[in-house]
Amino acid sequence: MNAKLKKYLQKNHIEPAPGANHRPIQIVIPALAESESLRIPLESLIAQGRGQDQTAITVVVNNEEGDRTWRFEDNQKTLEILGSNSALRKAVESAGYRFKLIDRASPGKGLPPKTAGVGTARKAGLDHGLGELVGLDGRGLLVSLDADCAVPGNYLDALLTWELNRREYGAGVVDYAHPLPDDPTHRRAIALYEIRLRYTEALLRKIGTPYAFATIGSTIICRPDAYVLAGGMNTRKATEDFYFLMHLAKAAPVDRIRETVVAPSARVSDRVYLGTGHGVGKLIGSDEPYLLEPPIAYEIVGRALRILIEGFGKDAEETLRELKKHCRDLIPFLESKKLSATHREALAGTKTFKSYERRIHQWFDALKIRQAVHFLCENSRPMIPWNEAVDELTDEAVDGDKTACLLKLRHDLK
């Protein structure tokens with residue numbers, strides 16, 4: 001056991017699982033008031049083509065300690081549905097899975113009010129899964145799913161194949177596709193929501209950042225060593241997936257897994273603030289034009305990133321002059337983030353181009369890229385209608401059919 005893993009286990013009070021019967025795939029599903037939807041992921045896992053005997057499923061039923069609202073009542077139903085003698089629990093175990101139920105919802109077992117939320121719930125399950133993987137000498141995967149998503153029959157097969165053959169990657173993001181509802185208003189809303197995700201990912205890929213991926217909790221997988229190097233799952237109430245993936249990308253390369261797909265729910269929900277359900281609900285209830293950041297904003301950020309990376313071995317003042325010449329609109333933002341001092345430290349503290357480049361990407365991370373793009377949109381490069389933005393990205397005319405546009409992006413931006 002390496003020192004960092006041992007330290008993480010001790011700090012988080014994780015006991016390594018005893019015995020040699022460890023399963024390399026550890027799937028974690030947080031559940032908050034999901035008694036009606038939890039069958040969706042579990043039944044899709046029961047129907048897998050192979051891999052059940054190598055997989056453990058952990059469901060973390062959770063709510064804030066002291067909560068006695070409808071969420072608490074629904075969680076008590078979920079605990080019954082997943083009880084040791086329940087039909088659903090028996091079906092999961094009969095399919096070959098090892099099943100673990102973590103009760104963070106009953107009185108006296110709820111999550112601390114300060115950190116109660118999806119981040120803390122995911123962490124409880126992933127930390128447990130980490131303890132199960134300790135005996136595999138670095139092998140295995142920690143897998144995040146949601147209580148309302150579905151996966152196809154080749155899901156486990158794809159994960160097992162990736163775990164064995166893509167050892168150069170510490171983490172991965174599985175492809176995704178939201179179901180398109182029959183209701184036209186709802187369908188247009190979820191199409192716009194996913195268009196934004198794919199549009200943003202495509203522009204991030206164009207600028208050459210290692211943070212070019214959509215951040216959806218149910219698509220994230222990682223190896224145990226990358227999980228530890230990233231500091232484990234954070235305890236944020238929302239956007240936990242964004243920060244988790246960012247730290248994973250700083251710890252190890254993140255792969256894009258296209259051999260299978262996750263179907264995140266398209267439902268409207270307020271369970272998680274800033275989550276998919278929240279975002280889709282806002283779109284359904286809005287008559288405002290849907291705007292996106294223009295491609296030029298990402299191009300300017302990418303230009304700045306490229307100039308910084310090409311600055312290895314050059315005088316720091318020369319690089320600064322190049323930035324002022326080619327990225328003038330972004331200079332106030334970069335100065336507010338103390339770029340000059342950071343750049344000089346990177347030059348002085350690295351001897352190879354590879355280590356220098358990594359240092360720049362560590363500093364110009366996913367959060368700073370997002371902030372930089374927003375700065376440009378607020379000051380010099382205003383947001384534009386979604387169809388104009390996609391038109392500029394793809395160099396093709398985009399009509400107003402949001403569903404058709406999404407299906408084309410799914411195909412073209414693989």
Side-chain angles (χ1 to χ4, degrees), residues 27-32 34 37-38 40-41 44-45 60 117-119 121-123 125-126 141-152 155 158-159 162 169 171-181 189-205 209-222 226-227 230 233-234 236-249 254-283 292 366-367 369-370 406 409-410 413-414:
I27 295 176
V28 174
I29 305 175
L32 169 62
E34 300 282 10
S37 63
L38 194 54
I40 298 171
S44 69
L45 288 168
V60 185
V118 65
R122 283 199 200 279
K123 178 176 173 59
L126 291 169
L141 291 178
L142 295 167
V143 179
S144 290
L145 283 182
D146 284 334
D148 56 0
C149 70
V151 294
Y155 180 72
L159 294 189
W162 187 91
Y169 292 97
V173 177
V174 179
D175 197 9
Y176 65 96
H178 293 87
L180 296 174
I190 194 63
L192 280 177
Y193 184 85
E194 189 175 319
I195 284 170
R196 169 181 279 280
L197 292 175
R198 294 189 179 275
Y199 171 83
T200 303
E201 180 182 353
L203 287 169
L204 289 170
R205 285 162 59 188
T209 173
Y211 307 100
F213 34 67
T215 53
I216 302 173
S218 57
T219 68
I220 304 170
I221 69 172
C222 67
Y227 182 77
M233 173 56 73
N234 59 78
R236 290 176 174 269
K237 293 176 179 286
T239 67
E240 86 294 343
D241 45 9
F242 172 83
Y243 285 93
F244 183 45
L245 263 175
M246 181 174 70
H247 289 299
L248 281 173
V254 177
D255 195 12
R256 298 169 68 245
I257 302 168
R258 297 296 178 255
E259 291 74 23
T260 189
V261 65
V262 172
S265 174
R267 66 178 174 172
V268 177
S269 171
D270 63 354
R271 285 171 175 79
V272 179
Y273 176 62
L274 298 179
T276 302
H278 175 84
V280 174
K282 288 182 65 177
L283 287 171
L292 295 174
L367 180 60
I369 290 172
R370 177 181 288 189
L406 172 59
L409 288 178
R410 284 180 181 177
L413 301 181
K414 285 284 188 179

Do the side chains of [Y] and [X] get nearer than 4.5 Å, heavy atoms only?
X	Y	value
Ser144	Leu126	yes
Pro264	Asp146	no
Thr260	Val151	no
Val262	Tyr155	yes
Phe244	Thr215	no
Arg196	Leu292	yes
Ile195	Leu409	yes

For a side-chain contact (heavy atoms from CB on, under 4.5 Å) check, start with the C-alpha distance between Leu367 and Tyr243, then their side-chain angles and the critical distance, and finish with the verdict.
CA-CA 8 Å; Leu367 180 60; Tyr243 285 93; 3.8 Å; yes
Taking every non-hydrogen atom, the tightest pair across [X] and [Y]:
X	Y	value
Thr209	Leu204	CG2-O, 3.3 Å
Glu259	Ala158	CB-CB, 4.3 Å
Ile40	Cys149	CG2-O, 3.4 Å
Pro30	Val118	CG-CG2, 4.1 Å
Glu34	Ala147	CG-CB, 3.5 Å
Ser218	Leu145	O-CD2, 3.5 Å

Side-chain (Glu194) to main-chain (Leu406) donor-acceptor, under 3.5 angstrom
no
[X] side, atom [atom1]; [Y] side, atom [atom2] - distance, nearest 0.5 Å:
X	Y	atom1	atom2	value
Tyr211	Ile369	OH	CD1	7.5 Å
His247	Cys222	NE2	SG	13.5 Å
Asp241	Ile220	CG	CD1	5.5 Å

Between Val173, Asp255, Ile257, Val254, which is the residue that forms a side-chain contact (heavy atoms from CB on, under 4.5 Å) with Ile221?
Ile257
Could you tell me if Arg370 sits above the aromatic ring of Phe242, with its cationic atom closer than 6.0 Å to the ring centre and no more than 45 degrees from the axis?
yes
When Asp175 is tested against each of Arg256, Arg410, Arg198 for salt bridge (Lys or Arg N to Asp or Glu O under 4.0 Å), which residue passes?
Arg198
Residues Leu38, Ile29; criterion side-chain contact (heavy atoms from CB on, under 4.5 Å); working and verdict:
CA-CA 9 Å; Leu38 194 54; Ile29 305 175; 4.0 Å; yes
Please step through side-chain contact (heavy atoms from CB on, under 4.5 Å) for the pair Leu197 and His178, ending with a clear verdict.
CA-CA 11 Å; Leu197 292 175; His178 293 87; 4.1 Å; yes
